[in-house]
Number of protein chains: 2
Amino acid sequence: MKDNSVYKRSFNACLDLIRRLEPGALLGSEPALARELEVSRTTVRSILVALAAAGVIALEGRSRQVLRHPLDAEYFPDLETEASSELIERRFKEWLLTGDVKPGSIINSLELARRFEVSTSGIREYLNRFSRFGLIERRPNASWVFRGFTSSFALELCDIRELFEMQSIERFAAQIHKEPLRRRLADLKARHIDLLGRIETDFTQFSPLDEAFHRTINDAADNRFIREFYEIISLIFHYHFQWNKVDERERNEIAIHEHLAIIEGLESGDARATRKAVAVHMSSARNSLFRSLRGH
Amino acid sequence: MKDNSVYKRSFNACLDLIRRLEPGALLGSEPALARELEVSRTTVRSILVALAAAGVIALEGRSRQVLRHPLDAEYFPDLETEASSELIERRFKEWLLTGDVKPGSIINSLELARRFEVSTSGIREYLNRFSRFGLIERRPNASWVFRGFTSSFALELCDIRELFEMQSIERFAAQIHKEPLRRRLADLKARHIDLLGRIETDFTQFSPLDEAFHRTINDAADNRFIREFYEIISLIFHYHFQWNKVDERERNEIAIHEHLAIIEGLESGDARATRKAVAVHMSSARNSLFRSLRGH
DNA sequence: TGTCTGTCTGTTATCGTTAAAGTGCACTTG
DNA sequence: CAAGTGCACTTTAACGATAACAGACAGACA
């Protein structure tokens, strides 16, 4: 049956909330807390009852007064707050991406269920959702097959990425006059320049910046299919960063320069230069991905 | 638990197979039949036992002799041969596409389970898989929401379609010297010209031809993401054909001419003309889709 | 020696069940 | 009277169980 990880997660979030208040302060109403914690009032009510029982708050009629700050030991451990579906996702990606599952090998959902200590239904559901990444395939009336991080996967992935990125950049350029976009771009530029200044030591911080940059560009297209595809890109590039440590500093430095060229192209309104800069960046990302897949 | 629809489907397929033989003829070996019916030997063996019991074949040692042709009444009815997952898919699409589910409305999986007479788990799994179409969205810890066949959906869909179609046509053109591609194109051309000749009466036969044409083009890209996206296109255009009956003959006739222009562009090797023809076709498909969504 | 068969074991599809979490409604409170 | 509360009722997430189906292996056959 359902575990109560939603409750535990929200309980912890509520403790955090109380920590930001002084003893004696009053908590908001149940609907207000429900909105804040993003759960239903039912869950909020069970949390409040538990907090009152623990003596963290006093429940009197409609008032919820903070009595004391919660102790560290009163938090539920992280292990228990993870929903079973999240656990499966984490474990599966670990297994697939760091383990040595060979291309073409059969994915045995019963074995995975045992290995991850979850039910087969959970695995089944996850595999279904994961299939959109194009890395696994279902055989009729039978099990799933891992298609592998093959060069054809990388090729197909990069081809689409280039189409989408080019489309997104056009859309971005067309909307550059809008204030929020302009500001976001300036912010990204500053972060790139900042990281470039301390690249010798902090080159590992590029990965989240890369993510932020491309997400900003892609969001400009305002297209659900591009946005969903970007999840795949994120996954692959996230792990690709982990696999390929060779020349990481140099590669990241080059990528920063390439990003800056794109940003400057956008800022100057030079469509031709922007497209050129995107093409250059895509081509080097492609090469780098291929190298790391080959080495893997 | 699992139903035996695989068995029933294969049983029917096996009866078809026997109908093509003369009484007295011998059936192939178990592995051969398993390959032919695309199921395991286990299933083949249960079918053979049932056929022998019914007196359709004689099982003697290693020989399986056909005694008589099967009767129509010996087939399992279609209703029983459909796997529960297929039933759900069919019913759900019917419900969504012909019913009047309003954009933004909540999808109640329990109600659907009752309505379709299947378990909630089945619905749950299907919704998960269907979510890749971008038409439904899961709200955290809660139910699914139908986003609707809105104009923004159509816009986002068409934008991607144009990118993919243009990419595919380039790939197709680059491989046109290969014999199978050339032949497939000639075949498509003939079918288009044939249908054009009897368009006054047979204009409803355009839908499958349209499907075949675009699938051929898209397959040339040899890209799993394009191929998967085409499933969405198919779904939407399939139902769009059902919704919009206005000017159907004219629209189909125009589309045939547009297809022929693309085919001729490819055959002549004129890249510019081909691209132009694709752009024209995409634009008219877009207009037609928008009109039918608005009217719906 | 290579393919086929009997048998047995392992895996998958699907369902029903149950606790957790969400939702609606009447009533209360300020 | 608008927002908050108590309570009952629905709906969802997740599991375990089981029949259907797939696959492996040893021995038989040709």
Side-chain angles (χ1 to χ4, degrees), chain A residues 1-10 27-34 37-49 59 61-64 83-88 106-114 117-128 138-144, chain B residues 1-10 28-35 37-49 59 61-64 83-88 106-114 117-128 138-144:
Chain A
M1 55 219 153
K2 210 168 176 172
D3 63 8
N4 58 352
S5 61
V6 172
Y7 166 75
K8 289 176 176 172
R9 245 195 325 270
S10 314
L27 252 57
S29 70
E30 291 175 1
L33 283 169
L37 300 174
E38 295 181 296
V39 288
S40 73
R41 218 161 54 78
T42 306
T43 303
V44 167
R45 284 168 68 85
S46 0
I47 292 171
L48 291 176
V49 168
L59 281 180
R62 304 207 153 193
S63 107
R64 284 156 295 276
S84 152
S85 55
E86 290 164 1
L87 177 101
I88 292 173
I106 286 168
I107 296 173
N108 184 327
S109 58
L110 192 56
E111 192 208 319
L112 286 185
R114 281 192 288 251
E117 294 175 304
V118 292
S119 73
T120 51
S121 332
I123 297 288
R124 185 178 159 72
E125 175 176 338
Y126 182 70
L127 291 177
N128 253 318
R138 192 209 286 282
R139 295 187 311 169
N141 308 324
S143 46
W144 291 90
Chain B
M1 54 221 153
K2 209 167 177 173
D3 63 9
N4 58 353
S5 61
V6 172
Y7 165 76
K8 289 176 176 170
R9 244 194 326 269
S10 313
S29 70
E30 291 174 2
L33 283 169
R35 263 192 306 277
L37 300 173
E38 294 180 296
V39 288
S40 72
R41 246 187 74 224
T42 307
T43 302
V44 168
R45 284 168 67 84
S46 2
I47 293 171
L48 291 176
V49 168
L59 280 181
R62 304 205 153 192
S63 105
R64 284 158 295 275
S84 153
S85 56
E86 289 163 0
L87 177 104
I88 293 173
I106 285 167
I107 296 173
N108 184 328
S109 58
L110 192 57
E111 192 208 318
L112 287 184
R114 281 192 287 251
E117 293 176 304
V118 293
S119 72
T120 52
S121 333
I123 298 288
R124 184 178 158 71
E125 174 176 337
Y126 182 70
L127 291 177
N128 252 318
R138 192 209 287 285
R139 295 187 311 169
N141 310 325
S143 45
W144 291 89

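As a basis for the values below, the full set of heavy atoms in this structure was taken, side chains included, without hydrogen atoms, waters or symmetry mates. Proteins come first, then strands; the chains are lettered A, B, ... in the order of their sequence lines, and each starts at number 1.
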Tabulated below should be each protein N or O lying under 3.5 Å from an N or O of nucleotides 28-30 of chain D; please produce it.
none

Nearest whole Å is fine: how far is D/dA20 C1' from A/Leu110 CG?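 Rounded to whole Å, this separation is 15 Å.
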Could you tell me how far apart B/Glu30 (CD) and D/dA22 (P) are, to the nearest whole angstrom?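 From B/Glu30 CD to D/dA22 P: 14 Å.
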Starting from the first five and the last five pairs of the helix from C/dT1-D/dA30 to C/dG30-D/dC1, work out the angle between the resulting helix axes, to 10 degrees.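 Terminal axis comparison yields 30°.
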The criterion is side-chain hydrogen bond (donor to acceptor under 3.5 Å, both in side chains); which residues satisfy it with [X], sequence neighbours excluded?
| X | result |
| --- | --- |
| B/Glu111 | B/Arg115 |
| B/Arg35 | none |
| A/Arg62 | none |
| B/Arg114 | none |

Span of DNA chain C in contact with chain A (heavy atoms, under 4.0 Å):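 Taking any atom under 4.0 Å from a heavy atom of chain A, the span is C/dT11 to C/dT29.
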[X] near the nucleic acid: base, sugar-phosphate alone, or nothing, with a heavy-atom cut-off under 4.0 Å?
| X | value |
| --- | --- |
| A/Leu112 | nothing |
| A/Arg139 | sugar-phosphate |
| A/Ser143 | sugar-phosphate |

Just to verify, what does [X] make a side chain to side chain contact (heavy atoms under 4.5 Å, CB included) with, not counting sequence neighbours?
| X | value |
| --- | --- |
| A/Arg138 | A/Arg124, A/Asn128, A/Trp144, B/Glu125 |
| A/Thr42 | A/Ser40 |
| B/Ala83 | B/Ser5, B/Arg9, B/Ser85, B/Glu86 |
| B/Ser46 | B/Tyr7 |

Contact list for DNA chain C against residues 41-49 of chain B - heavy-atom distance below 4.0 Å: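 Within this stretch, B/Arg41, B/Arg45 sit under 4.0 Å of the strand.
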Hey, does the side chain of B/Ser109 come within less than 4.0 Å of D/dT12's phosphate (OP1/OP2), counting only N and O?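 Answer is yes, contact under 4.0 Å.
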